[in-house]
*Asks:* 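Can you read through this structure? Questions will come right after.
In what follows, residues are counted from 1 in the order of the sequence shown.
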Amino acid sequence: MSSHTSLYIGLSFLAGVLLTLGFKDVRLKDNAVSARSSAATIDKDIPEGIEACIGGTPLFKIKSLSDATGCEILAKAEFLNGAGNSPKDRVALNIIRTAEEEGLLTPNSGDVIYEGTVGSTGISLAALCRAKGYLAHICMPDDQATEKSDLLLKLGAEVERVRPAPIVDQNQFVNKARNRAAEHTENPSRPGRGIFADQFENEANWQAHFEGTGPEILEQTGGFLDAFVAGAGTGGTISGVALFLKPRLPNLKVVLADPQGSGLFNRIKYGVMFDPKEREGTRRRHQVDTIVEGIGINRVTHNFEAGRELIDDAIRVTDEQAMAMARWLVEKDGIFIGSSSAVNCVATTKVARQLGPGHRVVTILCDSGTRHLSKFWSHAGHIGDATDTTLDQVLNA
């Protein structure tokens, strides 16, 4: 081989190496640009703060109840909301945002949000107040499960446990919170102001479900939905969802699930609030004669009235039925729920049986049973291997 040929081969080899390295460098740069672009896209989808983890909860099929009724019974898993782990996350966030828009709240100024609640709304407010630069002061009846007030304290809220009292009493827990907010605002020595969340009357409550829960259910079911069943404490969930779904699904049946001792059942069925269990001398406590917490009330609230005319029927659920359903769902499905969710599931099952096989019914699972250990679940008892339990035994408990 001549020296010239060897030179040409050497130069060609060197040029090939340089060209390959050049292409590799270009590919690396392109990959780096592509990676940065992908990261930027992903960053846009990362929720910012715990408040961004509220809403978009899954809708899932409860297999045992669906199999037993021949209907598709679907549960909106509201216990998976990311702040206080209940549907009250939606309400608390909307109350805070509305107050901020109205100039009533300023972060890190000493502003305190006061609320009267049996637990879940207070827990949601306490978590979101910490996230957004406020403090929470919660007034609650002293007959509620102690784990709720313990959790509130761990979230840094001030907690006042007060004796249960009728709404006409200024020491009733809602009135106490309203008065505490006014005292704060009027005290020149205290920083910030006191804001009363007023979940029972504040329209931000039902609007949170009109703007969030209702549209999510419609999208998740594809509009194929025969009935919606929910309990009512403030009434915001059932009103907000009904106000959104009914105009879009005119044949939808909306049903109230109500615990024993509550007057809302009679409000829907007969237009009055009186309940026989509320006769003087017959009740164990001042508000509702039940171990169920979170739903049931004996007065009319603005949030309940907002959607009352769209509620087609009401089903009363006893404590025994709720406890039997709670045990059933653990034993059959591994679903561990609180008392209000158990009431919802009893009523949902009854609605499914009324409609007959082939229908689809949606309800709400509000919170986990871990918030109800010392009260509801202490009565419900231990879970066994009750594989021979029938749905009739649950519904007739």
Side-chain angles (χ1 to χ4, degrees), residues 116-118 141 143-144 164-169 172-175 199-201 205-206 209 227-243 245-246 252-325 339-355 361 363-364 366 376 395-397:
T117 167
V118 296
D143 62 350
Q144 300 300 293
I167 191 65
V168 294
D169 189 332
Q172 192 262 2
F173 66 102
V174 175
N175 294 332
Q199 61 167 326
F200 289 89
E201 311 300 329
N205 184 339
W206 70 259
H209 296 290
F228 174 72
V229 182
T234 64
T237 301
I238 195 168
S239 287
V241 172
L243 285 164
L245 290 180
K246 273 280 197 175
L252 177 71
K253 186 175 184 179
V254 177
V255 180
L256 170 74
D258 209 33
Q260 64 184 50
S262 171
L264 297 180
F265 172 86
N266 284 328
R267 180 66 172 163
I268 296 300
K269 299 288 278 188
Y270 312 115
V272 297
M273 288 292 289
F274 174 75
D275 184 275
K277 289 183 179 295
E278 289 298 298
R279 292 195 305 271
E280 191 66 33
T282 65
R283 57 193 175 190
R284 293 193 303 268
R285 51 174 295 200
H286 288 280
Q287 186 189 10
V288 177
D289 187 19
T290 178
I291 61 171
V292 172
E293 297 179 350
I295 57 173
I297 195 172
N298 280 308
R299 63 184 175 90
V300 174
T301 69
H302 177 73
N303 277 285
F304 185 76
E305 290 297 298
R308 179 176 60 85
E309 293 185 355
L310 300 179
I311 301 174
D312 301 291
D313 199 3
I315 292 176
R316 172 158 287 156
V317 178
T318 67
D319 286 354
E320 289 73 20
Q321 289 170 332
M323 290 186 289
M325 177 60 74
S339 56
S340 55
S341 300
V343 170
N344 286 348
C345 288
V346 171
T348 297
T349 305
K350 289 188 174 184
V351 169
R353 284 193 159 184
Q354 290 171 3
L355 294 174
V361 186
T363 193
I364 302 290
C366 309
F376 177 76
L395 299 182
N396 296 321

*Asks:* Rounded to the nearest 0.5 Å, what separation is found between the CG atom of L256 and the CD1 atom of I311?
*Replies:* 5.5 Å
*Asks:* Decide side chain to side chain contact (heavy atoms under 4.5 Å, CB included) for N175 and D169; before the verdict, give the C-alpha distance in whole Å, the side-chain angles of both, and the deciding distance to 0.1 Å.
*Replies:* CA-CA 8 Å; N175 294 332; D169 189 332; 5.6 Å; no
*Asks:* List for me each residue that meets salt bridge (charged side-chain N to carboxylate O under 4.0 Å, His left out) alongside K246, sequence neighbours excluded, and say none if there are none.
*Replies:* D312
*Asks:* Nearest 0.5 angstrom please: M273 CE to N298 CG, how far?
*Replies:* 5.5 Å
*Asks:* Checking side chain to side chain contact (heavy atoms under 4.5 Å, CB included) for the pair V292/Q260: CA distance, chi angles, key distance, verdict?
*Replies:* CA-CA 9 Å; V292 172; Q260 64 184 50; over 6 Å; no
*Asks:* Report yes if some heavy atom in the side chain of S239 is under 4.5 Å from a heavy atom in the side chain of N303; otherwise report no.
*Replies:* no
*Asks:* With a 4.5 Å cut-off on side-chain heavy atoms, are K350 and V255 touching?
*Replies:* no
*Asks:* Can you see which heavy atom on G231 is nearest to which on I238, and at what distance?
*Replies:* O-CB, 4.3 Å
*Asks:* Minimum heavy-atom separation for A257 to V229, with atom names?
*Replies:* CB-CG1, 4.2 Å
*Asks:* How about CD on E201, more than 12 heavy atoms from neighbouring residues, nucleotides or ligands closer than 6.0 Å, or not?
*Replies:* yes
*Asks:* Which value, rounded to the nearest 0.5 Å, describes the distance between F304 atom CZ and I297 atom CD1?
*Replies:* 10.0 Å
*Asks:* Work out which heavy atom in A322 is nearest to a heavy atom in F376; give both atom names and the distance.
*Replies:* O-CZ, 3.7 Å
*Asks:* I want to check a possible cation-pi pair here: R299 against F200, using under 6.0 Å from ring centre and within 45° of the ring axis as the test.
*Replies:* yes
*Asks:* Heavy-atom distance under 4.5 Å between the side chains of I268 and L264, does that happen here?
*Replies:* no
*Asks:* Calculate, to the nearest 0.5 Å, the distance between atoms CD and CG belonging to E293 and D143 respectively.
*Replies:* 7.5 Å
*Asks:* Is V317 close to D258 at the side-chain level, that is, under 4.5 Å between some pair of heavy atoms?
*Replies:* no
*Asks:* Can you confirm whether M325 sits close enough to E320 that some side-chain heavy atom of one is under 4.5 Å from a side-chain heavy atom of the other?
*Replies:* no
*Asks:* Are any side-chain N or O atoms of N205 and backbone N or O atoms of Q199, one a donor and one an acceptor, separated by less than 3.5 Å?
*Replies:* yes
*Asks:* My understanding is that only residues two or more places apart in sequence, or in another chain, count here; which of them pass side chain to side chain donor-acceptor pair (under 3.5 Å) with S340?
*Replies:* none
*Asks:* Closest approach of N344 and C366, non-hydrogen atoms and distance?
*Replies:* ND2-SG, 3.9 Å
*Asks:* I would like to know whether V241 and W206 meet side chain to side chain contact (heavy atoms under 4.5 Å, CB included); could you show each step before the answer?
*Replies:* CA-CA 8 Å; V241 172; W206 70 259; over 6 Å; no
*Asks:* With side chains defined as the heavy atoms from C-beta onward, is the minimum distance between D313 and K269 less than 4.5 Å?
*Replies:* yes
*Asks:* Holding to salt bridge (charged side-chain N to carboxylate O under 4.0 Å, His left out), I want the full list of residues that pass it with E305, two or more places apart in sequence or in another chain.
*Replies:* R267, R308
*Asks:* Heavy atoms only: give me the nearest L355-V361 pair and the separation to one decimal.
*Replies:* CD1-CG2, 4.0 Å
*Asks:* To the nearest 0.5 Å, what is the distance between CD on Q321 and CD1 on I315?
*Replies:* 10.0 Å
*Asks:* Within the structure provided, determine whether S341 and I364 are in side-chain contact (heavy-atom separation under 4.5 Å).
*Replies:* no
*Asks:* How far apart are the closest heavy atoms of F228 and L252, and which atoms are they?
*Replies:* N-CD1, 3.9 Å
